[in-house]
Structure formats: structure tokens, C-alpha cells
Trainee: 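Sharing a structure with you now.
Everything numeric here is computed off the predicted structure, so don't read it as measured data.
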Amino acid sequence: MQLENFDVVVVGAGFFGAVIAEQVANKLGRSVCVLDRRLHIGGNAYSELDSDSGVEVHRYGTHIFHTNSETVWRYLQRFTHFTDYRHRVFTVANGRVYAMPINLATVCAAFGRIMSPDEARAVIAAEAAAHGASGRHGASGIGNLEDKAIASVGRTLYDLLIRGYTQKQWQTDPRELSADIIGRLPVRFTFDDRYFADRYEGMPVDGYTAIFRRMLEHPKIAVELGVDYFDVADRINPHQLVIYTGPIDRFFGYTCGHLGWRTVDFAREVHDVADFQGAAVINYADAEVPFTRIHEFRHLHPERAHAQARTTIYREYSRFAGRTDEPYYPINTGSDRAMLASYHAMTAAHPNVIFGGRLGSYKYLDMHQAIGAALKTFEHEVAPFFVREGMQPSDAAARRAALSALSA
Ligand code: FAD
Ligand code: UDP
């Protein structure tokens, strides 16, 4: 691999990196080398056939595509068709099963009686008011996850479905967690039990990895797997454009410290039954159950004729990420945010590097957000590099000037 011969080096073959590589090759006709330290393309969206069951599994956990963005949806149609899969999740708590996210069916089941939407609202509002009178005076103040959750679903549903699950997922007192985390989960006073409410939703007909293969299949794109950027960084011409989608703290040698992440472990099991649990994802809310959820991937593709009466499941366990673990969810405490600001300040010394994606920006991004951000980064930061009059890929001075003009 002659890294120095490429106009652009992309670190990471996940959605952010693959979209930029595809755009650079197709729209600018420039050469790109995509590196990934893993042995496969696709980043965390990678999917593969399980050799024991023949079921397509998502190695890093169930990925459902959903978006409200017309631009992202249209863009992806170039690389895949989507099925009409609609995600529904159930939660096991205290020996019973409930619909999740919380909707009218969940409220009726939790209180053991039929309620109209207004009755359910009134019951929850009364519990929220009682908490408002007694709560919100703790050391952590207003705006923590517990207060926000009780304000939206009341004490009964919070204790039943949220408290234990959140404690397992974050190993942190919900009163110390940011309210934003729970903001991702809607609460509905109808019987609509869809997990996502976005306009577009579906599963790629032939899997996620096929999308990446099509994005990266281009004579101007080379893909090098099993290569860690930091093992080859000294071979990179300082005038090349680098798109870095790895962890931002690692890029700077952790000089300001390690940003906090949660990671998950998946325990794989193959069962000799055609259907293990009846749904793609079932959450386990009780604090005593050690895993947070069970994924059963065959339910993601009900349209497929699975030849074998076997199924693969993953039990998911959540914990703090150690230094060698895969970073999954940014914890984002106040000290993490301060550290991130210091790293941002340090990026100015690297005008030929663009930081992006989930790890590079230290943000929880869904796939459509990573794709949307990559399309914008291409348009506003990558393309201007090369379209400026008279500018050559090796013209470092012009590149720096272009970059400072862009960031001004
Ligand atoms: P990634 O996919 O993480 O890709 C980054 C790549 O960079 C990785 O392959 C990594 O190996 C590589 N890399 C890092 N450092 C180096 C280095 N030094 N050298 C070389 N390569 C390097 N989104 C949804 O829309 N729907 C879902 O249902 C959904 N479910 C999720 C479930 C889980 C458990 C998780 C963790 C995420 C989920 N997501 C979901 C989010 C989705 O995974 C991300 O939006 C997407 O992966 C972001 O793409 P990315 O390119 O930014 O990062
Ligand atoms: N959550 C919960 N019970 C559930 C599902 C989610 O308490 O059954 C809470 C939990 O705090 C979680 C947050 O809602 O961190 C966001 O859930 P989401 O489904 O977005 O988590 P993800 O799919 O990203 O793991």
C-alpha cells in the first residue's frame, strides 16, 4: 500500500468514512485509501451470516435504519433497497411483558385496567406532581434522568420499566445521569407501539455490509483492513487530507485524559428452534437480571425464507469501557465535555485532518445522523479543498489557507 499516493486517507470504514470516500471518488474523481483496524468494512453497522444458523447477525448489536431526512433516505437508495420492517420492542419486568416505548397498552398493563388516553394522562400527571412536590431537591438538582422520566411517565412506570434498566445500562444512579438520555424514548397516549416514529424506516434488503461494499467499490478507492492508522501515520504525507473517524482522544495520545465510554458485551447462543423469543429485541428491566436485552436477528427479516429451524441470539451486557474495549456510548459527564473542548482546541494544529463520526466527535450518532454529517462535511469541508482554482492535492499552503478560511 503506497499511502502517499492517495489524495485522501480515510481512517475508519463505518458510515461516516465510507460516505466521504464514496463522495470523494464519485464527485471529485480523487483517489482515497480507506483504513480500518478491524478486519471488515461497515464499522458498528457490520452484518454477517452466522455460520451455525444461517441468520444474518449484527455483530455490534441490532441496527435499525430510520430517518426523517429526505436527503439521507434518497442518498441511501443508490446503494440498497429497504424492506418495510417496523421495529417493535417489548420489555420483561417483574414476570410480565410490556410494550416499549411506553404507550397506552403499557400504561393499561402496568395499572391492570383499561384507561382512555385522558385517564392515563391524568394518572401519570398526578404521580409526576407528587414527585415534583417531593423530588427535585436532591444534590444533583433539576434536569437529571430520574426527574425527567418521572415527569413524563410517573413513578409506577419509572420504577417498573426504567429505573432498573437504566441502572444496568449505565451503572450510575439515574439521578446523576443527564435527562437527554431518556429524551430519546417517546411516551405515547395511543396504542401506537412502534419503536421509532420517523417517516422512513426499514432494513437493507441484503444487509448492511452490502451497502458498504457498493459504496466502496470504485477504481479510485482502496480499502486496507486490519491496519491501525497510528501504525502507518508516519508514512502519511502531511499534505494529504485525512478524514479521521477514530476516537479523538487517541489521536492526541490522551494528553488531556481518556474520554468516558460505555461498552457492551454480547454473549452469542445458537438454539435449535425456529423462534426463540418472538421479536427482534426484548429488554429486561429488572435490576437482578444481569443482561439488558436479548437480540434475535432473524426477526429483522421476516421476508426471508430461513432454511434452518435454528436461531442465533445475543444477550447484551453493559459496562464501563476499559482502555482496550470498544467504545460504544459516550458517557458525557461535565469533565468529559471539558476534556473534549481541550481536544477541539488542539485540532487547530492539524489543518489537514477532519475529525468526524461517532468516535471522532464523541457524540451518540444514529446511522442517519452519521450519514447526514458526512454528506455535510464533504460539501462544506472536503470538496472546497479540491475545487479551489489552481489548487493541487499536494499544495499544502493553499490547503491550509482554504481551511482557515473555512473555519473563520
Ligand atoms: P463506526 O461505525 O464506529 O466506525 C468507525 C470505524 O473506525 C470503526 O470500524 C473502527 O474500527 C475504525 N477505527 C477507529 N480507530 C481506528 C484507527 N486508529 N485506525 C483504523 N481504524 C480505526 N444507529 C441507528 O441508526 N439505528 C440503530 O438501531 C442503532 N443501533 C446501535 C446499537 C449499538 C449497540 C450501537 C453501539 C450503535 C447503534 N447505532 C444505531 C449507531 C450506529 O452504530 C452509528 O451511527 C454508526 O456506527 C456511526 O458510524 P461511524 O462511521 O461514525 O462510526
Ligand atoms: N430505557 C429504559 N428502559 C428500556 C429502554 C430504555 O429505561 O426498556 C432508558 C435507558 O435509560 C436508556 C434510554 O432509555 O439508556 C435510551 O434508550 P434507547 O433505546 O435509546 O437506548 P439504546 O437503544 O441506544 O441502547
Trainee: Any side-chain heavy-atom pair from Asp52 and Gln308 closer than 4.5 angstrom?
Mentor: no
Trainee: Please check: side-chain N/O of Asp336 versus main-chain N/O of Asn332, any donor-acceptor pairing under 3.5 Å?
Mentor: yes
Trainee: Looking only at side-chain N and O atoms, does Thr156 offer a donor or acceptor that is under 3.5 Å from a partner on Glu127?
Mentor: yes
Trainee: Tell me whether the rings of Phe65 and His368 are parallel (<30°), tilted (30 to 60°) or perpendicular (>60°).
Mentor: perpendicular
Trainee: Compute both the distance and the angle, then confirm whether Arg262 meets the cation-pi test with Phe320: under 6.0 Å from the six-membered ring centre, within 45 degrees of the axis.
Mentor: yes
Trainee: Taking C-beta and beyond as the side chain, do Leu216 and Ile41 meet within less than 4.5 Å on heavy atoms?
Mentor: yes
Trainee: Decide if the gap between the ring center of His40 and the ring center of Tyr208 is smaller than 6.0 angstrom.
Mentor: no
Trainee: Of Phe355, Trp261, Phe251, which meets ring pair (Phe, Tyr, Trp, His ring centres under 6.0 Å) against Tyr362?
Mentor: Trp261
Trainee: Are the side chains of Thr106 and Leu161 in contact, using a 4.5 Å heavy-atom criterion?
Mentor: yes
Trainee: Return yes if some donor-acceptor pair links the side-chain N/O of Lys168 with the main-chain N/O of Pro290 below 3.5 Å, else return no.
Mentor: no
Trainee: Please list every donor-acceptor pair under 3.5 Å in which a side-chain atom of residues 8-25 meets a protein atom from a residue at least two apart or in another chain.
Mentor:
{"residue": "Glu22", "atom": "OE1", "partner": "Tyr75", "partner atom": "OH", "Å": "2.6"}
{"residue": "Glu22", "atom": "OE2", "partner": "Asn26", "partner atom": "ND2", "Å": "2.9"}
{"residue": "Glu22", "atom": "OE2", "partner": "Arg78", "partner atom": "NH2", "Å": "2.7"}
{"residue": "Gln23", "atom": "OE1", "partner": "Lys27", "partner atom": "NZ", "Å": "3.2"}

Trainee: Can you confirm if the aromatic rings of Tyr284 and Phe291 lie within a centre distance of less than 6.0 Å?
Mentor: yes
Trainee: Let me see the working for Glu224 and Asp36 under side-chain contact (heavy atoms from CB on, under 4.5 Å), right down to the final yes or no.
Mentor: CA-CA 7 Å; Glu224 294 287 340; Asp36 204 297; over 6 Å; no
Trainee: Got a sec: does the CZ of Arg96 have more than 12 other heavy atoms crowding it under 6.0 Å?
Mentor: no
Trainee: Please report the shortest heavy-atom distance between Phe90 and Ala99, naming the atom on each side.
Mentor: CD2-CA, 4.0 Å
Trainee: For the residue pair Val382 and Leu241, establish whether any side-chain heavy-atom pair is separated by less than 4.5 Å.
Mentor: yes
Trainee: Assert yes or no for the condition that the ring centre distance of Tyr200 to His66 is strictly below 6.0 Å.
Mentor: no
Trainee: Check whether the side chains of Glu296 and Thr311 place a donor and an acceptor atom closer than 3.5 Å, and report yes or no.
Mentor: yes
Trainee: For Leu145, does its backbone N or O pair with a side-chain atom of Asp147 as donor and acceptor, under 3.5 Å?
Mentor: no
Trainee: Looking at every non-hydrogen atom in both residues, tell me the closest pair between Val205 and Phe82 and how far apart they are.
Mentor: CG1-C, 4.2 Å
Trainee: So, does Ser342 use its side chain to make a donor-acceptor pair with the main chain of Ala338 at under 3.5 Å?
Mentor: yes
Trainee: Between His306 and Arg298, is there a donor-acceptor pair closer than 3.5 Å when you use the side chain of the first and the backbone of the second?
Mentor: no
Trainee: So that I can tick it off, tell me whether Arg293 and Glu316 are bridged by a salt bridge, with the cut-off set at under 4.0 angstrom between side-chain N and carboxylate O.
Mentor: yes
Trainee: Any side-chain to backbone donor/acceptor pair from Ser152 onto Lys148? Under 3.5 Å, distance only.
Mentor: yes
Trainee: Does a side-chain N-to-carboxylate-O contact under 4.0 Å join Asp50 and Arg268?
Mentor: yes
Trainee: I'd like to know if the side chain of Ser69 and the backbone of Thr67 have a donor-acceptor N/O pair within less than 3.5 Å.
Mentor: no
Trainee: Under the 3.5 angstrom rule, does the side chain of Thr209 hit a backbone N or O of Tyr46 as a donor-acceptor pair?
Mentor: no
Trainee: Name all residues meeting the salt bridge (charged side-chain N to carboxylate O under 4.0 Å, His left out) criterion together with Glu56; count only those two or more places apart in sequence or in a different chain, and write none if there are none.
Mentor: Arg304
Trainee: For the pair Thr83 (side chain) and Met203 (backbone), establish whether a donor and an acceptor sit closer than 3.5 Å, ignoring hydrogens and angles.
Mentor: yes
Trainee: Within the structure provided, determine whether Tyr85 and Leu300 are in side-chain contact (heavy-atom separation under 4.5 Å).
Mentor: yes
Trainee: Quick one about Thr292 and Ser318 (side-chain donor to acceptor, distance below 3.5 Å, no hydrogens or angles considered), yes or no?
Mentor: no
Trainee: Does Pro247 offer a backbone N or O that forms a donor-acceptor pair with the side chain of Tyr244 under 3.5 Å?
Mentor: yes
Trainee: Checking salt bridge (charged side-chain N to carboxylate O under 4.0 Å, His left out) for the pair Asp265/Arg319: CA distance, chi angles, key distance, verdict?
Mentor: CA-CA 8 Å; Asp265 297 316; Arg319 62 181 170 82; 2.7 Å; yes
Trainee: With the threshold set at 4.0 Å, does a side-chain nitrogen-carboxylate oxygen contact exist between Glu326 and Arg38?
Mentor: yes
Trainee: Taking the inter-plane angle between the rings of His87 and Tyr195 on a 0 to 90° scale, is it parallel (under 30°), tilted (30 to 60°) or perpendicular (over 60°)?
Mentor: perpendicular
Trainee: Is there a side-chain contact between Leu359 and Pro327 in this structure, where contact means two heavy atoms from C-beta onward sitting under 4.5 Å apart?
Mentor: yes
Trainee: Please collect all salt bridge (charged side-chain N to carboxylate O under 4.0 Å, His left out) contacts where either partner lies in residues 194-207, sequence neighbours excluded, each pair once.
Mentor: Glu70-Arg199, Arg194-Glu201, Asp206-Arg214
Trainee: Does the plane of the ring in Phe252 sit parallel, tilted or perpendicular to the ring in Tyr343? Use 30° and 60° as the thresholds.
Mentor: parallel
